[in-house]
Amino acid sequence: MKPVAFEYERPADIRSALALIGRNGPITKILAGGQSLGPMLNLRLVRPELVVDITRIPQLKSVEQSADAITVGACVTHADIEDGRVPDVTQGALPSVARNIAYRAVRNRGTLGGSLAHADPAADWVSALAAIGAVALIASSTGQRAIAVEDLMSGVFETVLGQAEILEAIRIPRLSVRARWGYYKISRKTGEFAHAIGAVLDDPERGVCRAVIGAIEAKPIVLADARPLFRNRVGADLEASFDMEVAEDLLRSAGLADPVVRQIHLAALRRAATKASHGHRLHHH
Amino acid sequence: MAAQGVGASVLRKEDDRFLKGRGQFVADIRLAGMKEVSFVRSPLAHAKIIGETIPDEDRPSVFVATDLRSVKPIRANSGLPGFKSSDQPVLAHDKVRYVGELLAACVAPTRAEAEDLGERVAFDFDELPAVHDMLQARRSGTALLHEHWGDNVFLETFVDVNIEAAFDAPVKVTREIRTARQCMAPIEGRGAVAVWDHRLGQLTLYTSAQMPHINRTGLSECLGIDHGQVRVVAPDVGGGFGYKGILLAEEVCLGWLAMRLGHPVRWIEDRREHLTANANCREHHYIITGYADRDGRLRGIDCEATVDSGAYSAYPFSACLEAAQVASILPGPYDFPSYRCRTWSAATNKCPILPYRGVARTGVCFALELVLDAIAREAGLEPAEVRARNLVRPEQMPFDNITKKHFDSGDYPESLRRAVAAIDLAGVRERQKRGEVDGRRIGLGMSIYCEQAAHGTSVYAGWGIPMVPGYEQATARVTPDGGLELRVGIQSHGQSLETTLAQVANEILGIDIAKIKVVHGDTEYTPYSTGTWGSRCIVMAGGAVARASQEIAERLRVIGANLLQADPEAVTLKGGQLVGPQAAVSIGEIARTWYLRPQDLPYGVHTGGLEATVGYRPERDSGTFSYATHAAVVAVDPEIGEVEILDYVVIEDGGKLINPMVVEGQIYGGLAQGIGTALYEEMPFDASGQPLASTFSDYLLPGPTEVPAARIDHMETLSPYTVFGQKGLGEGGAIAPPAAIANAVNDALSGLAVEITQSPITPRRVLEAIGAHTIERASAPGGQAR
Amino acid sequence: MATVSITINGIGVEAEVEARTHLADFIREHRNLTGTHLGCEHGVCGACTVLIDGAPARSCITYAVACDGASITTVEGLEDDVSAELRDAFSREHALQCGYCTPGMLVSARDAVLRLPEPDDREIRVLLSGNLCRCTGYVGIVRAVKSVVADRRARGIAPADASGNPLGPVGSAHPAGRLTGGARGGRTTHVSAPLAVSARRDSRPLEEWRPQVTIEQRFIVHHPPEVVWAFLGRPEEVAACLPGAKLVGTPTENYIEGLLRVRAGPIAAEFAGSAEIERDVSHYAGMIRGRGKDNRSGSATRGEIAYKLSPEAGGGATRVDVTVGYTLTGMLAQFSRSGLIRDVANRLTAAFATNLEARLANGSLNQLPPVSAAELNVVTLVMSVVRDRIGRLLRRMLGQRKGT
Ligand SMILES: Cc1cc2nc3c(=O)[nH]c(=O)nc-3n(C[C@H](O)[C@H](O)[C@H](O)COP(=O)(O)OP(=O)(O)OC[C@H]3O[C@@H](n4cnc5c(N)ncnc54)[C@H](O)[C@@H]3O)c2cc1C
Ligand code: FES
Ligand code: FES
């Protein structure tokens, strides 16, 4: 179980990195923490000719705060979020998600950018950052573009990132103090990838009510306006207003034919709503 | 010196090296000039091999079946009538019979390069229909694995003890029960380093193995060289659980490569190979009927059992190691008058089935204990009551059961009583009536098993596999400084025998265990032994060490009496000293005299000296019977199918415990594996025989959060047949949990009139059983913030 | 080969490594520090856990080149008080049996002791959950950790504070530097795998084979059946409808050879193979039976596409019923989440139908240049459909429920 032979480059800045991945010719893979790419390399499922390690690029590990958001470099790790090394603007929401990704030894290297770019539907950030309304900042040799995290993933293991693009940073909105957050991950054991994810964010002050149904073996279902899920009641008791039928309809129209799969996704979403309702967001998982 | 003998929980002698990272496992061995081997394996379950393409420049480093013409296939026949023989080629030719079967060996300086090489080798196949399921295998008209057999059955067995007498029983329940195919998954896989020593004219195979002498015999047969030309060394071994008791085709191939190439070669099994190509076990199917009276008294058990044996008969335990045992052990610890059982060892296009902790017992216990609970439900009785009514009673001991198993000792009803009290049956029933605020359902389940261990010649002779255990030997040798070396043919890979065998010798000789060295795992240094399997070591190797120590004690007495100028009858060994009427002399002093100052002893004092090899076999070798009652309380979340173990109790009787700390470790470890069997572990195959789990993300092992801290209580009913009354118990922890947990889940779901009869009990199986459409929307607030 | 400098257990080493050598192999094979064990090489079991710049990380999925400049501590180098206390506690609590998981377990246990303030059993278990032990059932391990933490807190030793650590993957907090030697030089040239499988015909009766996955599609094309039938008789055209497909050699009416390149994100496979075509004009029914093999992953697929044309709208249009059946074997099939891979195959089929429809519907059939069989993005294609459906549903709900 050893990878195929490949070349390795470790650029010091984004420009060199872009130049390397933009070269025509070798099959190139970007390497961040390697916690998803590593297993695939070892299994020879991925067979690059050139690996470009972007983790030594200072810019990708920097953090910038503004009044309404924080912009976090793509190479910031799950543990950086978990430990609060990145200032938390989400009332504890993201640290609690981070704490339940994989295992500590994996979180010490796995990155936000790698998670989003890898686009495993069962991964946590794919759903959680979409639910929180984060924006992906993408660098290419011609400049930067910004797209909502929910539009980054296009399918299983697929994103809209071009071969010559790097996911540079993630802009995470600052939630208001009264924001309510619920995240529920169903997996068979600790640290395992999710079999179902439900996420709910209700932040009336910012006029935001979002929900995500994730880990559906396709890109997550993102409700940018999740009010129908709560019978359109503003400031509702999210638990009491949760409309099972609307959720069920969503799952059906997303093509989830298996009733068992639908059921656990419904449960995850409803439990996320319950958590949001009960203020489980702080320092719980 | 604190007590170190039999019964003391002394800390382990082996810990130090492991805690410092200084263990020596097979992958840690690097020899000068060594190259790495990677195997090309069959991607198909069943196919004719048409030919292979190897680039010319690679040809010298790639070896295929035609290169290994001189090597004999691996053959493990059983002497049971009707057993059909299979030949497992070391490298496949003509045909492949399972995904992962070896096709070619590639040799290169590093493993990565060896794998590169393997990718350049291509085989052409004509695919054949795959036999992917054991029941399909039994059907006529199915493709044949071994054409000349005419069917796909290694062996069919049948017993009938007056089953008709049970047919009029008022309570009758029939269940179809299945256990998943599993992987043993020690954290260290297999692996081997082979080197030919020109000076000694000997092949040395370092291998991650638990039965090194058997590997040696198998290697010598397959390679066609004398035993004297083979040395097998099992260094530190990272867990075995049965998997490492098998002769692998890879080992034979490595031996051949070392002889052919003249330089050392190494192959380390990676996890993908382990899961998809080698380490398969269990997978039973039962149709079982229990007959009982209204009061729960069992009238009879009628069963048809099929075991998926895979493609070949593995050496030395054979392809019928599970199925052929099922018939004899199904009755478990219960006494009932009628019994019928038919078994099939079915050949399928999967890798051969190998022994795993508990062997057939885990499946058998699952089947029988589920049926007992079904009887209890049918008769409206408390399951514990049904068990109490049928358990073998202490006053019946020793007891021969319906299949002629000879129970040596024990008080089974007492272990049940203690379990009922410890798990607080009454309290749980109360709690169930109240219901849970979080909407989960609570259930309590029990299971009881007995574990026949260290059974010997009389039992295995009838089975007639390539290996029948006889006398177990140990060599004890006092060193000139008064220390002791013990040489045993078993292998210790977690069982702590470097400590417990030293305790046995300490009990007899009083030598500080710090000065006792247990040598094991090397055929060059140790007496022949079938090795570590069947929970036999503490009885057999422990017995042999006791006998050898007694022999040494006797000689110390004779030689020492001379030094004390006392009558040998008047001296006794006490606390590492020989004490005479007037004076005492230390063992060290006696040894020094014997080895270095023989002039101080008269001529011919005891020519055997201070080294003795003694064989041991209990005069009744039908085995010891340890047993336990396991009781579990679980919470089932009917919305998402999740099962959480809330409480777990084990009441165990292992006879005399040589080291209680070690015994508890065995129980906790077995329990974790049993929980894996119950809830997580499954090696699925698709209809074309493709294994569907190739990583630990697909094949789930229980981790720290999936295993509860069980409570253990001991009973110590001595075995009348062993040296200290000890019984073998290494496997028991893994036998009972699937049944106890399944019974608990079924108890939890009983209000829904739902029963699960298949392991592992995955969320999907729970939800499918409940019926996914009946969503329980009434779950309480808060979900489960765990 | 690249030259890396790494400090291992306090000793600086410079070494030449292949870029593909993971840190565990580097430590074990190059430095002969064999205390670090491998149990899975895909990040799950934890046996290989070491400290990289002081924090636990998997050495099996971290490459040695990526640790240039970093400082590694293996079990052999765990020499602080905590580790000594843990060793005693592990022995006392019987926290190891075979000892294989122990080195990685100690590294994680040390992390637990250092960072968790006053953990209960559950917190300890969660922190250790990335380390599998097959022997002990974890009971002794949890007890050992618990006793060491309790003892240290009782002695007034506070938990460690990690808030000042640099951001980013552990081991990356060093200048990018120049890779001396350049990883470039070392790449061994690939000898490309022998391509196709000799195009042998299957000797077995076809009835014996049953596909594992069957997908049915039906669509209407606004051309009469004869036209559609003729189109389907031209292998180049048909191949052009299958994303990633490329014909090799000269196709005949009933036999083709070619390549099919499929991708699921980073995973790519190239199946080389052949297909036989049978056409029954009297029923307007056809059958394509093919098989292909991706040698590098040892995976193979076999499939059949059956189609049948029926007249619609009085013969001016054609209903096409397509049934695709296939079986996947080998490496790519051997995951429990191979649902993901199968998903790709399903989508490939859907794309085929869509393209076929599009090409047929697309005006003058005869003039169409063969579309270059670009590698699909079937996933995107299908997802956009799903997304539309969900969008419609939501719009509908929002509309309906307004004001309620
Ligand atoms: C045992 C185990 C359990 C896990 N469990 C979970 C879990 O429960 N939940 C979960 O969410 N994750 C889990 N993971 C995955 C983990 O979170 C990974 O760290 C993460 O998905 C990938 O991050 P990385 O930095 O390691 O990326 P890498 O592995 O380095 O890269 C992943 C992919 O993204 C690309 N890439 C990386 N960075 C960029 C960038 N900035 N721009 C463009 N492309 C980029 C790479 O080319 C590659 O294709 C688990 C991993 C392991 C090993
Ligand atoms: S070997 Fe690295 S996690 Fe298993
Ligand atoms: S002690 Fe054997 S794996 Fe943990």
Side-chain angles (χ1 to χ4, degrees), chain B residues 11-12 14-15 18-23 25 27-28 30 43-44 50 53 55 112 116 119-120 122 124 126 129 185-188 236-239 241 270-271 276 493-496 661-662 665 668-669 671-673 684 686-688 690-698 701 703-705 707 709, chain C residues 20 34-35 37-42 44-45 47 74-76 87 90-92 94 96-103 106 121 125-126 128-129 132-140 142 188 191 193-194 197-198 200 203-204 208 212 295-296 298-300 327 329-331 333-338:
Chain B
L11 303 189
R12 302 196 324 153
E14 40 273 84
D15 286 345
F18 296 126
L19 286 164
K20 291 181 176 146
R22 305 257 156 76
F25 297 90
D28 303 344
R30 276 198 302 137
L44 298 176
I50 306 295
T53 323
D116 295 346
E119 290 191 340
R120 302 197 289 269
D124 261 344
D126 230 355
I187 305 300
E188 181 207 37
D236 281 328
V237 170
F241 314 118
D270 67 27
R271 190 54 64 182
T276 60
H493 40 281
Q495 298 90 339
S496 317
M661 175 191 84
V662 165
Y668 286 131
L671 171 60
Q673 293 182 329
D686 72 10
S688 56
Q690 294 288 317
L692 298 180
S694 53
T695 69
F696 276 156
S697 318
D698 314 295
L701 294 186
T705 48
V707 180
Chain C
R20 62 169 154 177
T34 55
H37 295 155
L38 289 170
C40 69
E41 296 186 274
H42 44 254
V44 183
C45 78
T74 68
V75 64
E76 293 94 335
R87 285 192 172 98
F90 264 51
S91 192
R92 196 172 61 240
H94 192 25
L96 65 154
Q97 290 181 22
C98 77
Y100 197 78
C101 70
T102 309
L106 278 172
D121 277 20
R125 286 173 180 272
V126 168
L128 296 177
S129 63
L132 297 175
C133 173
R134 194 59 156 164
C135 299
T136 63
Y138 308 102
V139 175
V142 175
T188 48
V191 180
V197 202
S198 48
R200 269 176 332 88
S203 50
R204 272 182 326 112
E208 277 184 28
Q212 292 223 339
N295 262 334
R296 298 178 312 180
S299 298
T327 297
T329 58
M331 170 100 157
Q334 296 164 3
F335 296 89
S336 64
R337 294 182 73 205
S338 57

Q. Do Arg20(C) and Asp116(B) pass the salt bridge (Lys or Arg N to Asp or Glu O under 4.0 Å) test, and can you show the C-alpha distance, the side-chain angles, and the key distance before you say yes or no?
A. CA-CA 12 Å; Arg20(C) 62 169 154 177; Asp116(B) 295 346; 2.8 Å; yes
With a 4.5 angstrom heavy-atom cut-off, could you sort out which part of [X] is near chain B: side chain, backbone, both or neither?
X         : answer
Val139(C) : side chain
Glu41(C)  : side chain
Ala300(C) : neither
Thr102(C) : side chain
Tyr100(C) : both

Between atom [atom1] of [X] and atom [atom2] of [Y], what is the distance when rounded to the nearest 0.5 Å?
X         : Y         : atom1 : atom2 : result
Asp270(B) : Cys40(C)  : CG    : SG    : 10.5 Å
Thr276(B) : Asp698(B) : OG1   : CG    : 10.5 Å
Asp28(B)  : Arg22(B)  : CG    : CZ    : 12.0 Å
Arg12(B)  : Phe90(C)  : CZ    : CZ    : 12.0 Å

Of Asp236(B), Ile187(B), Leu701(B), the largest count of non-hydrogen pairs under 4.5 angstrom with chain C goes to Ile187(B)
(message) Only pairs of heavy atoms separated by less than 4.5 Å count here; which of Ala709(B), Gly23(B), Gly238(B) has the most with chain C?
(response)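 Among the listed options, the one with the most contacts to chain C is Gly238(B).
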Return the option, out of [options], with the maximum number of heavy-atom pairs under 4.5 Å with chain B.
options                                  : value
Asp121(C), Val75(C), Leu96(C)            : Leu96(C)
Arg87(C), Arg134(C), His94(C), His42(C)  : Arg134(C)
Pro103(C), Ser129(C), Ala47(C), Cys45(C) : Ser129(C)
Cys98(C), Gly35(C), Gly137(C), Cys101(C) : Cys98(C)

Please state whether the side chain, the backbone, both or neither of [X] comes within less than 4.5 Å of a heavy atom of chain C.
X         : result
Val237(B) : backbone
Pro691(B) : both
Phe25(B)  : side chain
Thr705(B) : both
Ser496(B) : side chain

Original post:
So, for Gly703(B) and Leu132(C), which heavy atoms are closest and what is the spacing to 0.1 Å?
Top reply: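 In this case the closest contact between Gly703(B) and Leu132(C) is CA-CD2, 3.9 Å.
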Notebook entry, point to check: Stepwise, does the side chain to side chain donor-acceptor pair (under 3.5 Å) test hold for Ser688(B) with Gln690(B)?
Noted result: CA-CA 6 Å; Ser688(B) 56; Gln690(B) 294 288 317; 4.8 Å; no
Checklist line | Check: Thr695(B) main-chain N/O paired with Arg271(B) side-chain donor or acceptor under 3.5 Å | finding: no
Taking Thr329(C) for the side chain and Leu44(B) for the main chain, is one N or O donor matched with an acceptor at less than 3.5 Å? no
| request: With the side chain counted from C-beta on, respond yes when Glu188(B) and His493(B) share a heavy-atom pair under 4.5 Å apart, and no when they do not. | output: no
